> 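Have a look at this one.
Worth saying up front: this structure is predicted, and the values here are computed from it rather than measured.
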Amino acid sequence: MMLSHIVTQRQHRAGYDYARLENDYRMAIDAPSPFPKSMEMGAVRGRPLLNEDRDDFLRRKANEFMLAKTALAGAGGVASREVYQVCVSDRKPESVDNLLIGLNALADFFRIPLDDDE
């Protein structure tokens with residue numbers, strides 16, 4: 001969508017950061033993937049950063065994820081759903097306007113600087 005100039009670099013980065021945060025949160029709480037694949041025999045579970053206590057890692061990821069969800073909820077339920085469908089589930093958006101509203105809310109949350117063309 002960024003190549004088609006539907007979303008800006010800032011919005012693209014916000015969507016990418018949110019998808020990564022959602023994945024980190026799922027790993028932190030040992031939640032199963034929403035998109036099950038075949039099992040990889042050599043798979044490794046998520047680990048905390050070097051020298052970071054596991055409990056601190058879990059708490060940090062959970063808090064960061066909940067804050068991002070709160071920021072996204074402020075944009076509205078439809079915008080939140082659009083962001084999840086596009087950025088996490090990799091589906092086509094039903095409403096580009098709501099997607100952009102959600103991505104802008106996340107970009108503000110992640111403190112991503114405005115693009116030069118905005």
Side-chain angles (χ1 to χ4, degrees):
M1 293 184 76
M2 190 173 92
L3 295 176
S4 300
H5 302 288
I6 295 171
V7 298
T8 65
Q9 276 187 309
R10 179 177 191 253
Q11 293 164 332
H12 180 266
R13 171 75 188 273
Y16 176 83
D17 288 352
Y18 179 74
R20 191 187 67 216
L21 178 60
E22 173 118 6
N23 184 55
D24 288 348
Y25 176 72
R26 287 184 180 282
M27 286 175 36
I29 64 169
D30 271 343
S33 170
F35 315 105
K37 298 178 182 174
S38 61
M39 178 184 266
E40 182 181 336
M41 298 308 287
V44 195
R45 293 183 182 261
R47 296 181 294 158
L49 297 174
L50 292 175
N51 302 324
E52 184 177 18
D53 182 57
R54 179 164 171 75
D55 291 338
D56 291 341
F57 171 76
L58 296 175
R59 192 171 18 266
R60 181 173 59 82
K61 283 299 171 185
N63 288 340
E64 188 178 355
F65 179 70
M66 292 305 160
L67 289 171
K69 291 293 276 185
T70 301
L72 193 53
V78 177
S80 180
R81 186 184 75 230
E82 285 297 320
V83 167
Y84 182 84
Q85 284 184 350
V86 173
C87 300
V88 178
S89 299
D90 199 26
R91 296 183 187 150
K92 184 177 179 180
E94 293 176 19
S95 168
V96 173
D97 292 336
N98 284 310
L99 173 64
L100 298 179
I101 291 169
L103 290 175
N104 284 332
L106 286 173
D108 292 342
F109 170 76
F110 288 122
R111 298 181 179 153
I112 300 171
L114 291 173
D115 293 331
D116 294 334
D117 57 343
E118 286 187 55

> Nearest 0.5 angstrom please: S89 OG to Y84 OH, how far?
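These two atoms lie 4.5 Å from each other.
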
> Within this structure, what is the CG-CD1 distance for the pair L72 and I101, rounded to the nearest 0.5 Å?
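Rounded to the nearest 0.5 Å, the CG-CD1 separation comes out at 11.0 Å.
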
> Mind checking the CE-OH spacing from M66 to Y25? Nearest 0.5 Å is all I need.
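It comes to 3.5 Å.
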
> Let me confirm one number: the CZ-CG distance from R10 to L106, rounded to the nearest 0.5 Å.
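Going from the CZ atom of R10 to the CG atom of L106 covers 10.0 Å.
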
> Could you tell me whether the side chain of P93 reaches within less than 4.5 Å of the side chain of N98, counting heavy atoms only?
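Side chain of N98 against side chain of P93, heavy atoms only: no contact under 4.5 Å found.
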
> How many angstroms lie between CZ in R26 and NZ in K61, if you round to the nearest 0.5 Å?
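So the CZ of R26 and the NZ of K61 are separated by 14.5 Å.
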
> In this structure, would Y16 and V83 fall into the same cluster of hydrophobic residues linked by side-chain contacts under 4.5 Å?
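No.
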
> Looking at N63 and R59, would you say the former's side chain and the latter's main chain have a donor-acceptor pair under 3.5 Å?
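Present.
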
> Hey, are the side chains of L99 and I6 touching, using non-hydrogen atoms and a 4.5 Å cut-off?
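Not touching, per the 4.5 Å side-chain cut-off.
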
> For the residue pair G102 and A79, what are the closest heavy atoms and their distance?
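Closest pair (atom of G102, atom of A79, distance): N-CB, 3.8 Å.
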
> What are the two closest non-hydrogen atoms of A75 and A105, and how far apart are they?
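Closest pair (atom of A75, atom of A105, distance): CB-CB, 3.8 Å.
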
> Drop me the distance from T8's OG1 to R13's CZ, to the nearest 0.5 angstrom.
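Those atoms lie 12.0 Å apart.
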
> Assess whether a salt bridge exists between D56 and R60, defined as any Lys/Arg side-chain N lying under 4.0 Å from an Asp/Glu carboxylate O.
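The answer is no: the pair does not qualify as a salt bridge.
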
> Just jot down the ring-ring contact (aromatic ring centres under 6.0 Å, His included) partners of F110, sequence neighbours excluded, or say none.
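ring-ring contact (aromatic ring centres under 6.0 Å, His included) list for F110, sorted by chain: empty.
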
> Hey, are the side chains of L100 and V7 touching, using non-hydrogen atoms and a 4.5 Å cut-off?
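Side chain of L100 against side chain of V7, heavy atoms only: contact under 4.5 Å found.
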
> Do V78 and Y18 share a hydrophobic cluster, counting only Ile, Leu, Val, Met, Phe, Trp and Tyr and linking them when any side-chain heavy atoms are less than 4.5 Å apart?
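Result: no, two separate clusters.
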
> With sequence neighbours excluded, what pairs up with D97 under the side chain to side chain donor-acceptor pair (under 3.5 Å) test?
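D97: no side chain to side chain donor-acceptor pair (under 3.5 Å) contacts found.
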
> Side chain of E82, backbone of E94: donor and acceptor closer than 3.5 Å?
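Present.
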
> Can you name the nearest heavy-atom pair linking G15 to C87, along with the distance?
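Heavy-atom minimum between the residues: CA-SG, 3.5 Å.
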
> Applying ring-ring contact (aromatic ring centres under 6.0 Å, His included), name anything that partners F109, two or more places apart in sequence or on another chain.
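By the ring-ring contact (aromatic ring centres under 6.0 Å, His included) rule, F109 matches no residue at all.
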
